[in-house]
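Here's the structure we're looking at; comments come further down.
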Amino acid sequence: MANQESSLQQTPLYNLHQELGAKLVPFAGYEMPVQYPLGIKKEHLHTRQKAGLFDVSHMGQIRLKGKRAAKALERLVPVDIIDLPEMCQRYALFTNEQGGVMDDLMVTNAGDYLFLVVNAGCKAQDIQHLKMHLQDQCEIDVLEDHALLALQGPKAGEVLAKLAPESKEMVFMTAKNLVINGIACFVTRSGYTGEDGFEISVANNDAEKLARVLLADDAVEAIGLGARDSLRLEAGLCLYGHDLDNDITPVEASLLWALSKPRRAEGARPGGYIGAETIMAQIQNGVDRKRVGLKPQGKMPVRDGAEIVDENDHVIGLVTSGGFGVSLNCPVAMGYVPSELAKEGTVLQAVVRNKKIPLEVVKLPFVKQNYYRG
């Protein structure tokens, strides 16, 4: 255990987390704050009502440079990158030969380069994947010297506008180079809580100064990974390693909206990415299983790994994310069920501690997404 702890990395905000009384836990190779003295429930509600500041510096930040970068990246994702407007962002997926999802990521056209944000647990694999397929076509820079902060919540726009008035011009999934209290930042209006907000890439040396400036606003509290997970679950957003993995395709994950029309069979640039044959066939013919929202009856949370069974106790599916929906004051979950049982209102059963808990298939998200679209 001592060796494991000593091998953990720290983000540039590590000292600030300790100063703020964070409970630090190992996560994706880093010592990360799971919660602060406020506690996960209050941190969750504060983010839904005002603004929360998250340290997400453990995630990977990568720049792809070169005239052919967009065309090259399209070989790895089923997403329209070539026509992504400058200073706009798009959700994307690295896919494997079987059509499974290797990782989900955000791609921003920053003008003279593409800016990628990938999951912490997948970044080593993603960097290797990019180098294997793209290094002869574009320059790949991993931003080890940059931190990433997420300011999320209905007050986030108001808070940032006080420090950088140009941020008011930004809408959901757009980007800008901003100077925030004298600090140069690359900012996207996005996040993973379902709320309006921003992700701010900043040099490691300036990260703590920036965090302190944002936390000085009465509307902002430091929020840990515990609340980040409950917020993203309520927003119906996938967590890689749980709701997405190498054996789950985007179609099965109900992410059709993320598969750009120009890359589909009837589009201007159909296929051409890894796993395209499987994914395009699934779009046309359907899939045997689908990700759905699940609402357990009663107060007991149904967590990931719980088996979903039919009336004869045959296992027919699996819960992949589950917990207590703090905003709704009831348990919520997501999981995979046979497509014929994915209709809203269908009642299934999950097994928790040898007890069967009724689940109703419901529409996602559980909490209305609050993105600022102008």
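- With a 6.0 Å cutoff to the six-membered ring centre and a 45° limit on the axis angle, Arg63 counts as a cation-pi contact of Tyr113.
- Taking 4.0 Å as the cut-off between side-chain N and carboxylate O, Asp243 and Arg232 count as a salt-bridged pair.
- Side-chain atoms of Asp229 and Leu239, non-hydrogen and from C-beta on, do get closer than 4.5 Å to each other.
- Put simply, the side chain of Ser201 reaches to within 4.5 Å of the side chain of Phe115, judged on heavy atoms.
- Classification of Asp141 and Lys65 as a salt-bridged pair holds, one side-chain N sitting under 4.0 Å from a carboxylate O.
- Between Val351 and Val309 the shortest side-chain heavy-atom distance falls below 4.5 Å.
- Put simply, Ile357 and Leu341 are part of the same group of oily side chains (I, L, V, M, F, W, Y) that touch within less than 4.5 Å, one to the next.
- Residues Glu344 and Lys363 are not paired through a salt bridge, judged by the lack of any N-O separation under 4.0 Å between the basic side chain and the carboxylate.
- Atom CG of Asn312 has more than 12 heavy atoms from other residues, nucleotides or ligands within 6.0 Å.
- A donor-acceptor contact shorter than 3.5 Å links the side chain of Glu43 to the backbone of Gly224.
- Under the 4.5 Å side-chain heavy-atom criterion for ILVMFWY residues, a single connected hydrophobic cluster contains both Val101 and Trp257.
- Side-chain contact between Glu234 and Arg48 is present, with heavy atoms from C-beta onward closer than 4.5 Å.
- We find the CG-CG distance between Leu210 and Asn205 to be 13.0 Å, quoted to the nearest 0.5 Å.
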Begin from the C-alpha positions of Cys185 and Phe198 and carry the test side-chain contact (heavy atoms from CB on, under 4.5 Å) through to its verdict. CA-CA 11 Å; Cys185 302; Phe198 304 87; over 6 Å; no
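- Within the 3.5 Å criterion, the main-chain N or O of Leu294 finds no donor-acceptor partner in the side chain of Glu360.
- Within the 3.5 Å criterion, the main-chain N or O of Ala110 finds no donor-acceptor partner in the side chain of Thr108.
- For the residue pair Ile274 and His129, the shortest heavy atom distance occurs at CD1-CE1, 3.9 Å.
- The aromatic rings of Tyr36 and His17 lie tilted to each other, with the angle between the two planes from 30° to 60°.
- In this structure, Asp288 places its CG atom where only 12 or fewer heavy-atom neighbours from other residues, nucleotides or ligands lie under 6.0 Å away.
- Residues Val107 and Val79 fail the side-chain proximity criterion, which asks for heavy atoms closer than 4.5 Å.
- We find the CD1-CG distance between Ile140 and Leu114 to be 11.5 Å, quoted to the nearest 0.5 Å.
- Under the 4.5 Å side-chain heavy-atom criterion for ILVMFWY residues, no single connected hydrophobic cluster contains both Tyr336 and Leu364.
- Going from atom CG of Leu214 over to atom CG of Leu151 covers 5.5 Å, rounded to the nearest 0.5 Å.
- Judged by distance alone, the side chain of Asp304 and the main-chain N or O of Val319 form no donor-acceptor pair under 3.5 Å.
- Nearest heavy atoms, Gln152 versus Thr47: O-CG2, 3.5 Å.
- Hydrophobic clustering of Ile, Leu, Val, Met, Phe, Trp and Tyr side chains at less than 4.5 Å, counting indirect connections, keeps Leu233 apart from Val337.
- Nearest heavy atom pair, residue Val202 against residue Ala184, reads CG2-O, 4.1 Å.
- Ion pairing between a basic and an acidic side chain is recognised when a charged N comes within 4.0 Å of a carboxylate O; Lys176 and Glu169 show such pairing.
- Formation of a donor-acceptor pair under 3.5 Å by the Glu266 side chain with backbone atoms of Pro262 is not found in this model.
- Within a 6.0 Å sphere centred on CD of Glu277, other residues, nucleotides and ligands contribute 12 heavy atoms or fewer.
- The neighbour count for Glu340 CD, taken as heavy atoms of other residues, nucleotides or ligands under 6.0 Å away, is above 12.
- A salt bridge between Glu221 and Lys50 is absent, with no side-chain N of the basic residue lying under 4.0 Å from a carboxylate O of the acidic one.
- Residues Asn329 and Phe324 come closest through the heavy atom pair C-CZ, 3.4 Å.
- A distance of 6.0 Å separates CG in Leu76 from NE2 in His133, rounded to the nearest 0.5 Å.
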Ser230 and His44: side chain to side chain donor-acceptor pair (under 3.5 Å), yes or no, with the steps? CA-CA 7 Å; Ser230 57; His44 179 116; 2.7 Å; yes
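- For the atom pair OG (Ser260) and CG (Leu256), the distance works out to 11.5 Å, reported to the nearest 0.5 Å.
- Across every non-hydrogen atom of Gly99 and Ile279, the tightest pair is O-CD1, 3.7 Å.
- The pair Asp217-Lys162 counts as a salt bridge, with a side-chain nitrogen and a carboxylate oxygen less than 4.0 angstrom apart.
- Salt-bridge check for Asp83 with Arg269: passed, with a basic side-chain N closer than 4.0 Å to an acidic carboxylate O.
- Taking all atoms of both residues into account, the shortest heavy-atom contact from Leu178 to Ala164 is CD1-CB, 4.2 Å.
- Ile81 and Met173 fall into different hydrophobic clusters, where Ile, Leu, Val, Met, Phe, Trp and Tyr side chains are chained together by heavy-atom contacts under 4.5 Å.
- A salt bridge is defined here as a Lys NZ or Arg NE, NH1 or NH2 lying under 4.0 Å from an Asp or Glu carboxylate O, and Arg189 with Glu199 fails to meet this definition.
- Looking only at side-chain heavy atoms (C-beta outward), Lys123 and Asp103 stay at 4.5 Å or farther from each other.
- For the salt bridge (charged side-chain N to carboxylate O under 4.0 Å, His left out) with Glu252, the qualifying choice from Arg291, Arg289, Lys290 is Arg289, the only one to do so.
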CA sep, side-chain torsions, deciding dist, call: Tyr240, Asp245, side chain to side chain donor-acceptor pair (under 3.5 Å): CA-CA 6 Å; Tyr240 194 82; Asp245 64 33; 5.9 Å; no
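- Taking OG1 from Thr188 and CD1 from Ile200, the interatomic distance works out to 8.5 Å, rounded to the nearest 0.5 Å.
- In this structure, Gln349 and Ile308 have side chains that are not in contact, with every pair of non-hydrogen atoms separated by 4.5 Å or more.
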Start with the C-alpha distance between Gln18 and Gln10, add both sets of side-chain angles, then the distance that settles side-chain contact (heavy atoms from CB on, under 4.5 Å), and finish with yes or no. CA-CA 11 Å; Gln18 287 195 312; Gln10 298 169 352; over 6 Å; no
Given side chain to side chain donor-acceptor pair (under 3.5 Å), test Asn204 with His146 step by step and report yes or no. CA-CA 5 Å; Asn204 285 344; His146 276 61; over 6 Å; no
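- Asn370 and Asp196 form no side-chain donor-acceptor contact under 3.5 Å, judged by distance and modelled atom types alone.
- Panel note: side chain Arg264, backbone Met280; no donor-acceptor pair is recorded below 3.5 Å.
- Checked by atom type and distance alone, the side chain of Gln61 never pairs as donor or acceptor with a backbone atom of Val142 at under 3.5 Å.
- By the 4.5 Å heavy-atom criterion applied to side chains, Val77 and Phe94 are counted as neighbours.
- Around atom CD of Gln284, no more than 12 heavy atoms belonging to other residues, nucleotides or ligands sit under 6.0 Å away.
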Pair His58-Thr11, side chain to side chain donor-acceptor pair (under 3.5 Å): steps then yes or no: CA-CA 7 Å; His58 58 314; Thr11 76; over 6 Å; no
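- Atom CG of Asp218 is surrounded by 12 or fewer heavy atoms from other residues, nucleotides or ligands within 6.0 Å.
- Counting only distance, with no hydrogens or angles, the side chain of Asn119 and the backbone of Gly121 share no donor-acceptor pair below 3.5 Å.
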